[in-house]
2 protein chains.
Amino acid sequence: MSPHPVHSTVAVVLQVREARLQVLVWQRAKEPQSGRWTLPGGTLAAGESLEQSIRRHLAAKVDVQELSHLEQLETRVDAAVAPSWQVSTAYLGLVPTHLDPAIPADTRWHPVDALPPLAFDDGVTIERGRDRLQAKLSYTNLGFALAPPEFTVSELRTVYVAALGHAVSATNLQRVLLRRGVLEPTGERREPGPAGGRPAALFRFRTRALAITDQFAVLRPQRAGE
Amino acid sequence: MSPHPVHSTVAVVLQVREARLQVLVWQRAKEPQSGRWTLPGGTLAAGESLEQSIRRHLAAKVDVQELSHLEQLETRVDAAVAPSWQVSTAYLGLVPTHLDPAIPADTRWHPVDALPPLAFDDGVTIERGRDRLQAKLSYTNLGFALAPPEFTVSELRTVYVAALGHAVSATNLQRVLLRRGVLEPTGERREPGPAGGRPAALFRFRTRALAITDQFAVLRPQRAGE
DNA sequence: GCAAAAGTGTTGTGTCTACACCCATGT
DNA sequence: ACATGGGTGTAGACACAACACTTTTGC
């Protein structure tokens, strides 16, 4: 066993596709765990940061330009990998619905609630990524990372339903996000389809950088006062 | 430069001491950064997990039994350290107020709002640890990790004030934590001091394991319904 | 006119802060 | 009695879910 561990970075890349939250995974051709699916990633090179590393490895799978958000999840020592001693840092990456990145033949999108057999602890890592996404959808503007640049409220609703895994009321979605100043109307409207219906107003996220919009700041006095 | 990085673990150990939130730091005797203060920690050994590693290194500074909470913060590649290539994983550790761990001569507690010159990026790491603590005090029962086993509401209040850095109303603190089922009365009372005053009821945290007590779960329907 | 889809008005509920007031003790 | 510190009652602000209702379109 070498004196220093091999450090690798992996990513849970999530996107809402066909109204389901899906994760990008890659099928191992070689041992160990041949045939099983794993998260994309690879080893850390000298002189690069962890974020540079995961972006470099993902570039082989997805166009990095298409990642609308990337944040670190957790680092752990991988137990089972026999000869080499491995430390890996997991990231969460998000891709907005209007993009359909070209991916290599050995990779595939799988719904996070119907995963194939996974290698190592990747199942746990995916779950952690999904939990993080779900939590941040509630108290930040992270929706921008899943949604296209412009959308109607009901389009945004299907994204939230897929990501959160429960029903979401379009009425309340619109009101919450407008009240918090997360969405703004573009002024344009989407013309109705052949079935008719009132034309829908188009919205966009006011900013496309992560911001906390619901300070769960209990116990804080409201009038100034440090 | 070796082919693999050296992996080290460090910890932001926080405790409320003398009504201020303080962090345990250690003064470097050797270059690089001799004389500056750094976070305790050390290199990862083969066969141990990251959590085992940081607990082992901390054992030299603080009795590990006294850590009431330990969670991972962030991993990053340390830039400046000249010859060796370093990756380090930071943890947040908490010590309850009723303990006063014996610490070696080269370590000291420093208030997080009045820090001495720090080596590397340790200032940023400490800030991140404090932010995490402050956020979790709002929506979890993490107060158990700072508070002694039993306490009056006003004692708990001073802990929260020190940790959060802003005024906290004893009235509201009691009500919020009781409503959420975080605290429970022990049934005992604390006799008043020589100045008199009504005797205070004693409370304890109902559980001393981390639990989310305020689901910021906006947009979730209240009647069942997946 | 009628169906379809979007959007608004309104009500009820719960959680929170703030502040007035009451309670139990020592001197 | 009165000072000291602990605890409760209550009102107002706000955010939210739910649901009825109205608006705007196609056929």
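The figures that follow rest on heavy atoms only: side chains count, while hydrogens, waters and symmetry mates do not. Letters A, B, ... mirror the listed sequences (proteins, then strands); counts begin at 1.
- Applying a 4.0 Å cut-off to non-hydrogen atoms, the residues of residues 186-196 of chain B that approach DNA chain C are R189(B), P192(B), G193(B), P194(B), G196(B), listed by residue number.
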Side-chain atoms of residues 8-21 of chain B: list all donor-acceptor pairs with protein atoms under 3.5 Å, sequence neighbours left out, distances to 0.1 Å.
from	atom 1	to	atom 2	distance (Å)
S8(B)	OG	Q86(B)	OE1	3.4
T9(B)	OG1	S53(B)	OG	2.9
Q15(B)	OE1	R17(B)	NH1	2.7
Q15(B)	NE2	P96(B)	O	2.9
Q15(B)	NE2	L99(B)	O	2.7
R17(B)	NH1	D100(B)	OD1	3.1
R17(B)	NH2	D100(B)	OD1	2.9
R20(B)	NH2	D113(B)	OD1	3.1

Show me, pair by pair, the donor-acceptor contacts under 3.5 angstrom made by side chains of residues 142-151 of chain A, not counting sequence neighbours?
none

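- Applying the side-chain contact (heavy atoms from CB on, under 4.5 Å) test to V182(B) and every residue at least two apart in sequence or in another chain returns N141(B), L177(B), R180(B), F205(B), T213(B).
- Listed by chain and number, the residues in a side chain to side chain donor-acceptor pair (under 3.5 Å) with W26(A) are D106(A) (sequence neighbours excluded).
- Residue pairs meeting the ring pair (Phe, Tyr, Trp, His ring centres under 6.0 Å) criterion with at least one member in residues 52-78 of chain A: none, sequence neighbours excluded.
- Annotation: proximity of residues 197-205 of chain A to DNA chain D (heavy atom, distance under 4.0 Å) is found for G197(A), R198(A), P199(A), numbered in ascending order.
- The side-chain contact (heavy atoms from CB on, under 4.5 Å) check on R108(B) picks up W37(B), H110(B), with sequence neighbours excluded.
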Contacts under 3.5 angstrom, residues 192-201 of chain B side chains, donor-acceptor by atom type, not counting sequence neighbours:
none

If you look only at distance, which donor and acceptor atoms sit under 3.5 Å apart when one is on a side chain in residues 118-127 of chain B and the other is two or more places apart or in another chain?
from	atom 1	to	atom 2	distance (Å)
D122(B)	OD2	L39(B)	N	3.0
T125(B)	OG1	R76(B)	NH2	2.6
T125(B)	OG1	D121(B)	O	3.3

With B for base contact, S for sugar-phosphate-only contact and - for none (protein heavy atoms under 4.0 Å), nucleotides 9-14 of chain C reads BB----

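- Residue pairs meeting the salt bridge (charged side-chain N to carboxylate O under 4.0 Å, His left out) criterion with at least one partner in residues 155-177 of chain B, sequence neighbours excluded, are E155(B)-R190(B).
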